[in-house]
Amino acid sequence: RSMEVTRSNFEAVLPTVKAAIADALFLAIDNEFTGLSDGSTARGSSLEDRYAATKKSAAAFQIIQTGISAVNWDAAAGKYTAKTFNFYVFPVPSDKGPDVRFLCQASSIAFLASHGMDFNKVFREGIPYLTPQQEQALRDALTERETDRRSLQADDTIPVTGNEEFLTSVKAGVENFLASSDESMDLPPCNSFLRRLIYQEIPGSFPDRVACMPSPVKGLVRLHRIGNKEDVAALAEQRKQTELAAIEAAVGFRHVIDAITRNSKPVVLHNSLLDIGHLCDAFAGPLPEHLPAFKEAVLRTFPIVYDSKVVAALPSVATQYESSTLEPLYKAITQKNVPQLAHADGFEIKSEQCHEAGYDAFMTAAAFLGLVYLVEPEHQVPMDPAHLPAAVAGEEGRIFIFGMPSVPFLNLRGADPAPPPGAAFSLTFPAEWKARNIYSTFKPYGRITIRWIDDTHADILLQDPTKVDAVQKDLIDTPQAGFTVTVKVAPEPAADHAAADQPEIAAAPAAAAAAVPSAPPAAGEQAGSAEESAPKRARTE
């Protein structure tokens, strides 16, 4: 397994994590969740509907594991290496954070259990976290308490009448404490009114001998032995620093996300809409109502984003694999003549278990690295993330959208693609054909989207409507051996009975992302077989 990080070792490992992030060329991230979707959003819905479903999922379900693979160049060894971390994450209830409620989806839990997820470790050792808003609320509450205590000491006096017996018993306890060798002691529990009375009366009854402070145990007053007034101020400052440290500890895993944001490292995810939605909701704050604000929120958290599923659609690589589901894509790409990604010393992955977030993050990193060099075999070594091949850089900020062939990606940096009118065809082909055969057939006509109907039929959508006449002339007017192409007004939704193991192809038009070079027209993008399989996973791995 990759380096496991839990609540027990998080504080000790955090400096190593931050250093790996700061030194990385790029980072790959993957997550595992307690559930994915209620299935209420159809494949043919709009991008706003897709975002609404993502927002709903992020609010309902919980991230329980996050993998981060930090890729760097080892100059001494002459190779790319990855420091991969597998974080167990859980919103541990405490007085420093909310008592979070979340849903579990039976199919997701069963799926993760079948792939070795240690749920005892999640719940017992998961790293807590706070959003920035929750952290600020705690800091504001601490400041308010400090102000209230000073105000109470200066202005408010509680009448002693009727509470003499209580104060006598407390003073007897203080005398016993001072006669002991203890430096501090908690008084017996009492209500908030009587605690205020203790703060008011006891220090004056034992001047320069005892100070009263809130105990770490909620609802108790702690006595501290002192020698002068300066000791009281020192104790107050110490208590404040202790509370601030407790807030820092409660921030927990968000320290990792903050480090990624601060360092502005390129982040690579695979089929990333759900991952990004969950990450932003959990660690940046509740997702906004509408898609444009979501795009802004993503780029504030992850300033540079790549989706390896979108990059895999580029024409120079789209014919070199059979499935863009994460594991087969990783295996196909790493078998090519491209630089390989090795595990850094001390970060070896002993068990290559898919659907462990750490290993999936490593596969995403290795696949993206290989794709860069498949796109441009002569690309410099080591790579410079600020000067990636133009075709790859053109895909920055594009998030893969499954099941919407006419709008195959969400553009974080501008307008989303509109479906091109009048550029749809029906294709009938031999049952033995694979995606690469369709790619090869339509490659002269630019970037395409493939919607599989069954083993021998698919709808083809051209992303460049200017190529329609060429398709008409070359593939329709000229008889073809083994397959037929006909004009279609618009692609129909995929049949419910479509074979589960058939890939779906989707790709982005050549619109440039802001501040990055334009990508040339490209062939389609494969979607994975597990993508919308309700008993398993509703997303491509």
Side-chain angles (χ1 to χ4, degrees), residues 29 31 33-63 98 100-103 105 129-137 254 257-258 260-261 264 267 269-307 309-310 395-420 449 493 506-509 511-516 527 531-532 538-540:
I29 301 179
N31 303 281
F33 314 105
T34 61
L36 299 170
S37 170
D38 63 3
S40 62
T41 303
R43 289 184 181 184
S45 56
S46 68
L47 283 178
E48 281 283 0
D49 287 339
R50 285 302 178 89
Y51 169 63
T54 299
K55 182 178 186 297
K56 185 177 180 181
S57 174
F61 301 109
Q62 176 66 39
I63 294 177
V100 176
R101 297 180 182 183
F102 60 89
L103 299 180
Q105 190 171 359
Y129 61 85
L130 298 174
T131 65
Q133 298 86 346
Q134 291 165 344
E135 177 192 0
Q136 189 58 51
R254 209 198 77 230
I257 303 301
D258 287 349
I260 295 172
T261 304
S264 295
V267 169
L269 305 100
H270 189 79
N271 191 19
S272 59
L273 180 59
L274 198 61
D275 289 270
I276 285 178
H278 272 271
L279 287 167
C280 289
D281 185 82
F283 307 120
L287 296 182
E289 284 300 316
H290 299 294
L291 185 58
F294 169 68
K295 294 180 180 183
E296 295 173 1
V298 172
L299 292 174
R300 282 195 301 269
T301 307
F302 303 113
I304 306 171
V305 180
Y306 287 93
D307 190 322
K309 200 168 179 66
V310 172
E395 305 303 318
E396 194 276 327
R398 294 177 173 181
I399 305 303
F400 181 77
I401 302 295
F402 174 76
M404 293 181 64
S406 60
V407 186
F409 70 83
L410 183 154
N411 183 12
L412 295 176
R413 299 195 178 277
D416 296 307
T449 294
V516 292
E531 193 125 15
E532 296 282 338
R539 65 173 185 143
T540 298

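Residue numbers start at 1 and run along the sequence shown. Please read these numbers as outputs of a predicted model, since none were measured by experiment.
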inquiry  = Can you give me the closest heavy-atom contact between Ala58 and Gly277, atom names plus distance?
reply    = CB-O, 3.8 Å
ask   = Do Ile63 and Asp281 touch side chain to side chain, with heavy atoms closer than 4.5 Å?
value = no
key: Between SG on residue Cys280 and CZ on residue Phe302, distance to nearest 0.5 Å   = 5.5 Å
request  = Find out whether His278 and Gln62 are in side-chain contact, i.e. whether some heavy atom of one side chain is under 4.5 Å from a heavy atom of the other.
outcome  = no
request  = Might you point out which heavy atoms bring Asp416 and Phe409 nearest each other, and give the distance in Å?
outcome  = OD1-O, 4.4 Å
message = For the OG1 atom of Thr54 and the CG atom of Leu273, what is their distance to the nearest 0.5 Å?
response = 3.5 Å
key: Asn31 and Asp275: side chain donor to acceptor below 3.5 Å   = yes
query = So, do Glu135 and Arg254 sit near enough that their side-chain heavy atoms are less than 4.5 Å apart?
reply = yes
inquiry  = Side chains of Glu48 and Pro292, heavy atoms from C-beta outward: is any pair under 4.5 Å?
reply    = yes
message = Looking at every heavy atom in both Glu395 and Val310, which two are closest together, and how far apart are they?
response = OE1-CG1, 3.0 Å
remark   = Heavy atoms of Pro288 and Phe294 approach each other most closely as CG-N, 3.4 Å
query = Phe61 and Phe102: which non-hydrogen atoms are nearest, and at how many Å?
reply = C-CB, 4.5 Å
